[in-house]
Every structure is written in structure tokens, then in C-alpha cells.
Amino acid sequence: MPELPEMEHYKLLLLQKLRGKTVSNVEVNREKSINVVPEVFLNNVKGHQIINIERKAKHLLFYLDNGHVLLLHLMLGGWMFYGKDEDKPDRTIQIQLSFGNEHLYFIGLRLGFLHIYNSKADVEKELAGLGPEPLSPNFTFTEFMALIEKRRGRLKTKLVDQQFLSGIGNCYSDEICFHAGTIPKRELNELSSSENKQLFESIHHVLKDALKHGGYMENPLFKGDTLTGGYNNLCKVYDREGESCLRCGSKIIKEMISSRKTFYCLNCQK
DNA sequence: AGGGCAACCCGGACGC
DNA sequence: TGCGTCCGGGTTGCCC
């Protein structure tokens with residue numbers, strides 16, 4: 001569920017809250033969420049300072065002052081809350097990192113995880129298969145075309161393929177296709193050069209716009225956080241089956257493409 | 001190589 | 001209120 005804009009947004013807020021802070025305590029309530037025995041996890045995290053946080057694709061990487069790196073993937077339904085115990089959400093907490101009297105709660109980690117790696121090199125090896133970052137300055141139209149030319153398949157399927165492009169999921173793939181005016185089930189290699197150009201621009205536009213509005217996650221990251229989730233009611237097609245297209249008024253269609261819910265407007269998208 | 005699909009996982013929403 | 005049922009959905013791995 002959380003995709004690139006959500007994770008980037010989380011990263012920016014968490015950097016403000018956590019950079020330079022020391023983890024005073026660790027609680028692991030769900031051992032499947034970590035990749036080592038709890039004792040090892042605790043020994044490597046407790047008492048250590050968070051020196052930086054980065055995002056790669058839909059992952060967040062928490063760099064510790066002992067060289068270890070925490071790798072977070074929220075997968076489906078995972079989210080976080082940062083705050084005091086009295087403001088803790090009434091939800092099952094899988095993992096809790098404490099920073100004095102404030103805590104970072106990891107919630108809804110069903111398939112999601114917070115893994116620990118011994119070094120930056122180890123975690124980079126783990127993430128080596130990911131495709132380019134769509135918002136990186138290195139990701140030029142030339143590189144985009146090179147990607148397209150060596151791949152086949154449906155637009156939707158490729159957009160959510162993390163080895164093709166990283167960070168785009170089910171919601172933003174639909175929003176990008178709507179913005180580009182292209183039907184998600186079109187074959188990638190049948191798009192015209194102007195459609196490719198538009199697609200490239202739409203990827204940037206939609207992701208940046210979503211980030212600017214705090215992504216679509218509904219839960220605030222901390223008490224008084226009014227920024228997170230601002231994009232939730234700005235989605236044009238995602239999860240709007242049967243509702244009117246905001247551009248032309250036609251009904252939004254839902255269709256399964258590669259066993260994924262896909263939403264689009266037959267009138268606005270060709 | 002791409003498409004299709006099952007498995008993973010379990011909180012919480014929903015129904016009775 | 002309380003208990004049972006079922007859904008969601010990114011990712012991996014397997015098969016065709």
C-alpha cells in the first residue's frame with residue numbers, strides 16, 4: 001500500500017524527529033517481523049543512535065551509529081506512529097523503538113518487516129535487483145526509453161514491476177496512467193513516442209504531486225500531523241469504481257489486470 | 001521473458 | 001457483546 005511518495009514523506013518527517021536520537025529501548029512483539037533472534041536485534045539496536053534515514057523504492061533504511069542498518073518494508077497495511085505512550089494508536093503494535101518518552105510504533109506489519117543488516121553493503125546487496133528511482137535526476141527520458149525498449153508487457157504490469165521501475169504500486173500506476181491519458185492494459189511496445197514522452201512526464205508529475213500533499217496514507221504520523229494523507233482525496237481514479245471521472249464525468253471502470261485491481265476512465269484514457 | 005497464480009500473513013471489519 | 005469468517009495486496013517462487 002504505501003508507495004514511493006508515502007515512504008519519501010515518512011522519511012522527511014522521521015528525519016526531523018529521529019536524526020541524532022538514541023534508541024533507548026526496543027520491543028519486538030512479532031518475531032516474524034525481524035530477521036534475527038530478538039536478542040541479537042536488541043543488542044544491535046538498543047543504545048545506538050540513528051544517524052540517517054534513506055528511502056530506496058518502498059523501503060526505508062535507518063542507519064545506526066554502529067554501522068548496522070534497519071530495513072523497513074510496510075507491505076500491505078503497514079504504517080507507523082511516532083509519539084508519547086498516551087497518544088499510542090489503539091492498534092496491535094508489532095515493533096516499538098523508544099527514544100526516551102517518545103516511541104516509534106510499527107503497526108500492521110503482516111507481511112511487512114523491519115530487518116537488520118550488518119552493513120550498508122549488505123543491505124545494498126539485498127536491494128540490488130530494484131529498478132531505477134523514478135525521481136532520481138539520473139532517470140532521464142533516454143534511460144526511460146532504454147527501459148521500455150527492452151521490455152514487453154502491459155503498461156500497468158510494468159509500472160508496478162519493481163525491477164522495471166522502483167517505488168510505484170497499485171495506486172500510483174493507475175493515477176499515472178490517468179494523468180498520461182493512457183489505458184493501463186495497453187502493450188508497452190505499442191505506445192507512440194508522444195505517449196511515451198507523456199508517460200515519462202506523468203510519472204514525475206503524479207509522484208511529486210503526491211509527495212507535496214503528504215501521500216495517501218490515512219493515519220497521521222504524529223499527533224497534530226495534518227500533512228500526512230493529503231493526497232488521499234486527490235486521487236483521480238484509484239478506488240473510485242462507479243464514481244464520476246473528475247475530468248469528464250464518465251463512470252470510472254474497475255478491471256483486473258494481472259490479478260490487480262485497476263481503475264481508469266474509458267473516455268479520458270486511450 | 002511474460003503471464004498466471006498460489007502462498008505468505010493476521011488484524012480488523014463485518015455478519016449473525 | 002461475542003464469536004466466527006473472510007478479505008486485503010506487495011512480493012516471491014513456480015510453472016507454462
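Numbers restart at 1 for each chain; the letters A, B, ... are given by sequence-line order, proteins then strands.
For A:Ser259 and C:dG9, the shortest distance from a side-chain N or O to OP1 or OP2 is not below 4.0 Å. When the side-chain nitrogen and oxygen atoms of A:His73 are compared with OP1 and OP2 of C:dT11, one or more of them lie within a distance under 4.0 Å. Not one side-chain nitrogen or oxygen of A:Gln162 sits closer than 4.0 Å to the OP1 or OP2 atom of C:dG10.
Along DNA chain C, the nucleotide closest to A:Leu76 and the one closest to A:Gln163 are compared, and the more 5′ of them pairs with A:Leu76. Comparing A:Arg110 and A:Lys150 by the nucleotide of DNA chain B that holds the closest heavy atom to each, the one mapping nearer the 5' end is A:Lys150. Residue whose closest nucleotide on DNA chain B sits further toward the 5' end, between A:Ile107 and A:Arg30: A:Arg30.
The listed nucleotides are B:dA13, B:dG2, B:dC5; the one nearest the side chain of A:Arg152 is B:dG2. Here the side chain of A:Lys261 is nearest to one of B:dG11, C:dG9, B:dC10, namely C:dG9. Distance from the side chain of A:Arg260 is smallest to C:dT11 among B:dG3, C:dT11, B:dG12. When the nucleotides C:dT11, B:dG2, B:dG11 are ranked by their closest atom to the side chain of A:Lys158, B:dG2 comes out on top. Comparing B:dG2, B:dG4, C:dG9 by their closest approach to the side chain of A:Ser258 singles out B:dG4. Of the listed nucleotides (C:dT11, B:dC5, B:dG2), C:dT11 has the atom at the smallest distance from the side chain of A:Met75. Side-chain proximity of A:Lys58 to B:dG3, C:dG10, B:dC5: nearest is C:dG10. Side-chain proximity of A:Met1 to the nucleotides B:dG12, C:dG8, B:dG3 is greatest for C:dG8.
Between A:Phe113 atom CZ and C:dG9 atom C1' there is a gap of 15 Å when expressed in whole angstrom units. Atom NE2 of A:His115 is separated from atom P of C:dT11 by 14 Å (rounded to the nearest Å). Rounded to whole angstrom, the span from the CG atom of A:Asn170 across to the C1' atom of C:dT11 amounts to 13 Å. For the pair A:Glu126 CD and C:dT12 P, the computed distance is 9 Å after rounding to whole Å. Atom CD of A:Glu6 and atom C1' of C:dG9 are 15 Å apart (whole Å). Atom pair A:Asp239:CG and C:dG9:P shows a separation of 8 Å (rounding to whole Å applied). Atom CD1 of A:Ile168 and atom P of C:dG10 are 13 Å apart (whole Å). Rounded to whole Å, the distance from CG on A:Asn189 to C1' on B:dG3 is 15 Å.
For the 3.5 Å distance criterion, the side chains of A:Ser24 and A:Ser98 fail to qualify, holding no donor opposite an acceptor. Residues A:His68 and A:Asn118 have side chains that bring a donor and an acceptor to within less than 3.5 angstrom of each other.
For the helix from B:dG2-C:dC16 to B:dC16-C:dG2, the terminal axes (five pairs an end, C1' atoms, rotation from four pairs onto the next four) enclose an angle of 40°, given to 10 degrees.
Classification of the A:His59-A:Phe113 ring pair by plane angle, with boundaries at 30° and 60°, yields tilted. The aromatic rings of A:Phe139 and A:Phe200 sit tilted, their planes meeting at an angle between 30° and 60°.
Of the charged side-chain nitrogens involved, at least one lies within less than 4.0 Å of a carboxylate oxygen, so that A:Glu133 and A:Arg55 count as a salt-bridged pair. Taking the charged nitrogens against the carboxylate oxygens, A:Arg186 and A:Glu195 do have a contact shorter than 4.0 Å, which makes a salt bridge.
For the side-chain hydrogen bond (donor to acceptor under 3.5 Å, both in side chains) with A:Ser202, the qualifying choice from A:His205, A:Gln198, A:His204 is A:Gln198, the only one to do so. Residue A:Ser173 forms a side-chain hydrogen bond (donor to acceptor under 3.5 Å, both in side chains) with just one option from A:Glu3, A:Lys156, A:Lys158, and that option is A:Lys156.
At the heavy-atom level, A:Gly169 lies nowhere under 4.0 Å from the strands shown.
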